[in-house]
There are 2 protein chains.
Amino acid sequence: MARHPDHRPVETVETAFDILDVLRHTTSAGITEIADELDLAKSTVYRHTKTLESRGLVVRNGDTYRISTWFLDYGIHVRNQHPLFDVATPKVDELAAETDEKVWCVIEENGVGVHIYGAEGRHSVRTHARIGKRTALHQFAAGKAILAHLPADRAERILDEYDLAAQTAQTITDRDELRSQLETIRERGYALNYEESVSGVHAVGAPVKDESGDAIGAISIAGPANRLSGELLTDDLPTLLLGATNEIEINLAHS
Amino acid sequence: MARHPDHRPVETVETAFDILDVLRHTTSAGITEIADELDLAKSTVYRHTKTLESRGLVVRNGDTYRISTWFLDYGIHVRNQHPLFDVATPKVDELAAETDEKVWCVIEENGVGVHIYGAEGRHSVRTHARIGKRTALHQFAAGKAILAHLPADRAERILDEYDLAAQTAQTITDRDELRSQLETIRERGYALNYEESVSGVHAVGAPVKDESGDAIGAISIAGPANRLSGELLTDDLPTLLLGATNEIEINLAHS
DNA sequence: GCGCGCGTTCGAATAGCGGGAACAAACCTT
DNA sequence: AAGGTTTGTTCCCGCTATTCGAACGCGCGC
């Protein structure tokens, strides 16, 4: 495990997923449209698309194709078998009912945060977040909570890779500032987000750690900035949230 | 469109998805395990898996791999952009709140029913249904409602293909019986399910039709057999349900 | 400590992928 | 109505990229 052999990827597989990516971004597209976009011969795209269609992975609608609900089956399966899902879901529901705000369960995968479950409170804010949404870890409360509780070298490598892109004017883009925030987060156990991912939205996030103390995910509570402020944001909600994540960690260890 | 050209599929793509299928069924597997299952050389599986990993489509955990949450992103995207999703979701929630039972939104794709959204009522039965679940149309209320409102030739072709496999002892396996039920369903506008998909569970299903009168999906209400019986099952719930699907159809036409 | 089993690497052979050109049908435009 | 444009579809050839099998090195457990 030292050398870099030439690991050339299987190009045919890459083009297949390139095609699927085009279909994912364009809702529905035809053969020529895809071929133009990817700079491939029509015949190549044709054969690939027919292959995917025969597997049921894309669905034909007249002369255009869209990706099929098999991906929903694959995706929900992935989510449901994640160790955090079963134990976190009921707690997320509880938190949403108690706080009346939007509550998310986020896991870490390859250095990004993935929203795997969300519960609506009665006064939930509507953001563009949705199940499956991937967000850079430094841009939101749950992500920062995860980042702060990852092994130091992994955290640094993740920061190297994603380079602190800004999402709003408040997003932390300075590495030193982020480092000191992460330190604070480690000390008090939870993270705050002041309009760093969506303007007008504040949030609290707390990590869910495994036996070795590394974060495998996080839970967050988000709401409008004017409602989530003062002691509610810095005391009441964190207390509630930490209680929940603590319970989740215990259940996680015994499952 | 008469001859049978030799439509040979792209085999490399097929093996890639064969690998993904193995990973989907086994939670997590190693290179050799996959290679044995598929009768492929270890080196082939190795290269494919590394390709999928470099795209983030599978995730490595020590020496085993699992499929990644990208499929959740793909899948939820497919669901959200389905025309039925946005208009059906609020109605499904309403029905669940009003009836206190489990309510599902199902769409038809390639002759199978796909559960794309479900809402819990306070007394929901727990079945093995979940988002993304695919079910043969003849086996459940929503599916029969769809089948009854598909163009006759398409419906027949679907029945040819799936051959009326039984799910419980009550599942309709006789084609003539099914045909006469579908006729009844067309007349009264809704379908009933007496333990045909899950023993102990009854359900009502009604189709959602597009402008041309063909079903694109259906909504169903399911609950324990002893609670869902008598006039509730044959009168009250159908009335409620048909009101909802009617509204959905109107909203669908204006969107 | 020895061996089985795992992931990993390499090279070689061939089959299968990709491209381009040509066809057919549908669709506008005129 | 006719011709031009664009689409999906088919065919075939050449070359490359995929596949396989064998060999290596490592770690785990018997």
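Chain A is the first sequence line, chain B the second, and so forth, proteins listed ahead of strands; every chain is numbered from 1.
- A residue-by-residue look at A:V13 and A:D36 shows that A:D36 has its nearest nucleotide of DNA chain D further toward the 5' end.
- The interatomic distance linking B:R47 (CZ) with C:dC10 (C1') rounds to 12 Å, in whole Å.
- A cation-pi arrangement is found for B:R134 relative to A:W70, the charged atom lying closer than 6.0 Å to the ring centre and inside a 45° cone about the ring normal.
- The side chain of A:Y46 lies closest to D:dT10 when the candidates are D:dT10, C:dG18, C:dG7.
- Applying the 4.0 Å criterion to OP1 and OP2 of D:dA17, one finds that A:R8 has every side-chain N and O outside that range.
- Between the side chains of A:T69 and B:E109, at least one donor-acceptor pair of N or O atoms lies under 3.5 Å.
- For the pair A:I31 CD1 and D:dG8 P, the interatomic distance rounds to 6 Å; values are reported in whole Å.
- Comparing A:D63 and A:V10 along DNA chain D, the residue whose closest nucleotide (by nearest heavy atom) sits nearer the 5' end is A:D63.
- Across the protein-nucleic acid pair, A:I34 atom CD1 and D:dT7 atom C1' stand 13 Å apart, rounded to whole Å.
- Side-chain proximity of A:T12 to the nucleotides D:dT18, D:dT19, D:dT9 is greatest for D:dT18.
- If you measure from atom CD of B:E53 to atom C1' of C:dG7, you get 12 Å, rounded to the nearest angstrom.
- At a cut-off of 3.5 angstrom, counting only N and O atoms as typed in the model, there is no donor on one side facing an acceptor on the other between the side-chain of A:S43 and the base of C:dG18.
- Side-chain polar atoms of B:S197 and B:N193 form a donor-acceptor pair below 3.5 angstrom.
- Atom NE2 in B:H48 sits about 16 Å away from atom P in C:dG7, given to the nearest Å.
- A straight line from CG of B:L40 to P of C:dG16 spans 13 Å, rounded to a whole angstrom.
- Regarding B:L38, its CG atom lies at a distance of 11 Å from the P atom of D:dC20, rounded to whole Å.
- Within 4.0 Å (heavy atoms only), B:T15 reaches sugar-phosphate atoms of the nucleic acid but no base atom.
- A donor-acceptor contact closer than 3.5 angstrom is absent between the side chains of B:N80 and B:Y117.
- You won't find any donor-acceptor pair under 3.5 Å spanning the side chain of A:K42 and the base of C:dG19, going by distance alone.
- The CZ-C1' distance, from A:R60 to D:dG8, rounds to 8 Å in whole Å.
- Comparing atom distances between the A:Y65 side chain and each of D:dT9, C:dG7, D:dC20 picks out D:dT9 as nearest.
- Side chain to side chain, A:D176 and A:S180 fail the donor-acceptor criterion of an N or O pair below 3.5 Å.
- When distances run from any side-chain atom of B:T44 to the nucleotides C:dG19, C:dG7, D:dT19, the shortest one goes to D:dT19.
- Checking C:dT8, C:dG18, C:dC17 against every side-chain atom of B:E11, the shortest atom distance belongs to C:dC17.
- Listed nucleotides C:dG20, C:dT8, D:dG8 differ in distance to A:A41; the shortest reach to its side chain belongs to C:dG20.
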